[in-house]
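Report on one structure; see the data block that follows.
Here is how names work: the chains are called A, B, and so on, in the same order as the sequence lines, proteins then strands, and each is numbered from 1. The basis for the numbers below is simple: all heavy atoms, side chains too, and nothing from hydrogens, waters or symmetry mates.
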Amino acid sequence: MDGTFAVFNRALVSYRRLWQASVFSSFILPVLFVLSIGIGVGGYISGVDGVSYLDWIVPGVLASTAFQMAVGESTFPILGDFKWTRGFHAMRATPVRIGDMIGGYQLYIMFRVIIASVVFLGVSAVFGAIHSPWVVLTPFVCALLGVAVSAPTSAFAATIENDSYFALLFRFLVIPSTLFAGVFFPVSQLPELLRPLAYASPLWHAVELCRAATLGVAPPWPVAAHVAYLLAWAGLGYLLALRAFRRRLSD
Amino acid sequence: MVTTYAVARVARGNRLSPARVGAVINRNVGALRSGPAYWLVLASGFFEPVLYLLSIGVGVGALVGDLTLNNGEVLPYANFVAPAMLAVSAMSGALAETTFNFFFKFKYVKTYDAMLATPLRPMEIATGELTWAMIRGSLYTGAFLIVMVALGLTTPGWALLAFPATWLVGLAFGAVGMAVSTFIRGWQDFDLISTGQFALFLFSGTFSPVQDYPLPVEILIAITPLYHAVELIRGITTGMLTWSMLGNVAYLLVMLAVGLYVASRRLTSVLCR
C-alpha cells in the first residue's frame, strides 16, 4: 500500500504545479456547455421524460466531463511516463510494484474526477438543476466511471509507441460515446440497431446513474446492474494494464 | 559564379514561386504518409463534424422540432445546425494545421529553419503551409457538403456555392492561426487556444440563434470571427441570401489579410535573425 500512496502522491505533486491549466477544461468548459446547449437550445425544447431539458442534460454533462477527463489523463501522461520522462522506469528501480503504479494513478484519477464533479454540481445547483438528495452519490459514480475508462486507456497507452493513436482513440471512441450515450438526447431515439452500442459504453451507465440521482428517479436498469458493468470495466482494465505495464517495463 | 548568384537573386525578386510553394506542400504530404494509419487519421477529421451533426442536429433536433427565425422563416433544426458545423469544420481544420502542427515544426522540429537553408523564403513557407491547410480542409468540407445534400439539408446548387465560402473561412482562420502560432510560448498556450476555439464553437449562433442572447452578449458575439463564418455559410446553404453577408465576407477577408501579413512578418523576423 505504501507504494500505491507514493505513486498517488507523486501525481498530486505534479498536479499542484499544473492545476491552473486544467481549470478551463474541467470546470469552465462544462459550464459553457450547459449554458449553450442546456439553456440556449433547451429554450426550444418543451422537456424530456417529463423534466426540463436543462435538468435532463446536467447529469449527462457531469458524467461525460468525468469520462473525458479520465480518458485524457490516461493518454499522454501515461505514454509520457514510459517514453519521454521514463517515470515508470524510475519507479521500477524503487520498491514500488507495478500494481502500485496503476493503483496509485487510479487513486489520482478518482481524486481529480471527484473534485471536478463537486464543483460542477455546485454550479448546477445554482442553475436549479439538482432535485434529489441522492445527488451526493454522483461524485462516486463519476469516480467509478473514471477508473472504468482510465484503467483500460492506461493499458492502451502502455502498448503503443506513436501518440497519433490517441487522436484515433478520441475521434472513434471518446467523441462518439459522448455524443450518442444519452448525454444530449435519450438513447431510445437512436435506431434500434445502434442502441446496443450505447449500452456497451460505460459512459451510458454512469449517465443513467447520475441522472437517476439528480432527478430522484429510478435508472432504466437495476442500480446493481449498472454498477456491476462499470466494475467489470474497471477490473478488466486493471488486469490489462498490469499485463501491458509488465511487458513494457521488462525491456 | 558571383554573377550567376546575383542574377539568380534578382530573378527571384519578390514573387512567390509556385514550385517552391509546392515543395512546402509536398513535404506535408510526405510527412502525413509517414505516420501510422494515416488514412484513418485523415478520415477521422471528417467524422467529427458529421457525428456532431447526427447527435445535435438529428438527435437533439428531434426534441427541438422546427425553429422559427426572427425573419419569420421556419427551419428544421438540423438545417439550422448543419451549416454551423460546416463552418466549424472549416475553422478547426485550418486551425489544427496552422496552430498545433505549425508550432511543432516551427519550435521543435525546426522544419522552417531547414527550409530556409534552401531557396525558400518565409512568405513562400507561409503560403505553402496555408495552401496545405486548405487542401486538407477542403477534403473535409467537401465531404461534409455531400453528406448535407444526401440528408436533404441543402440543395446541390447551394452546396456548390457554399464550397468556396468554406475556403474563405479556412483561409481567414488559417492565416490568423499561423500569425498567433508565431507568438506561442509553449504547449500550455494551446489550452487557451482550444478553450477559445471551443467557446466560439458553443456561442457563435451555432446551436441556437444569437438573437436569444441579451443584446450586449449578442454584440459581443458579433465581434468574434466564427459568428461571421456561420452567418455566411448558413445564409448560403439555406438559400436565405441577405446583403449583410457581404459584411461577413469583408470581415473574413480582413482576417485573412491581417493574418498573412503578421505571419510572414513574424516568420521573417524570428527565422531570419
Please tabulate, for side-chain N and O atoms in residues 212-226 of chain B, each donor-acceptor pair with protein atoms closer than 3.5 Å (sequence neighbours left out).
from     : atom 1 : to       : atom 2 : distance (Å)
B:Asp212 : OD1    : A:Tyr44  : OH     : 3.0
B:Asp212 : OD2    : A:Tyr44  : OH     : 2.8
B:Thr224 : OG1    : B:Ile221 : O      : 2.7

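When all heavy atoms of B:Leu51 and A:Arg171 are compared, the closest pair comes out as CD1-O, 4.1 Å.
For B:Leu54, the parts sitting under 4.5 Å from any heavy atom of chain A are the backbone and the side chain alike. When heavy atoms are compared at a cutoff of 4.5 Å, B:Phe201 does not approach chain A at all. Only the side chain of A:Val48 comes within contact range of chain B, with heavy atoms under 4.5 Å apart.
Chain A is approached within less than 4.5 Å, heavy atom to heavy atom, by B:Leu202, B:Phe203, B:Phe207, B:Ser208, B:Pro209 from residues 202-211 of chain B, ordered by number. Contact residues of residues 181-195 of chain A toward chain B are A:Phe184, A:Phe185, A:Pro186, A:Gln189 (heavy-atom distance under 4.5 Å). Using non-hydrogen atoms only and a strict 4.5 Å limit, the part of residues 28-40 of chain A facing chain B consists of A:Leu29, A:Leu32, A:Phe33, A:Leu35, A:Ser36, A:Ile37, A:Gly40.
No more than 12 heavy atoms of other residues, nucleotides or ligands shown are found within 6.0 angstrom of CZ on B:Phe47.
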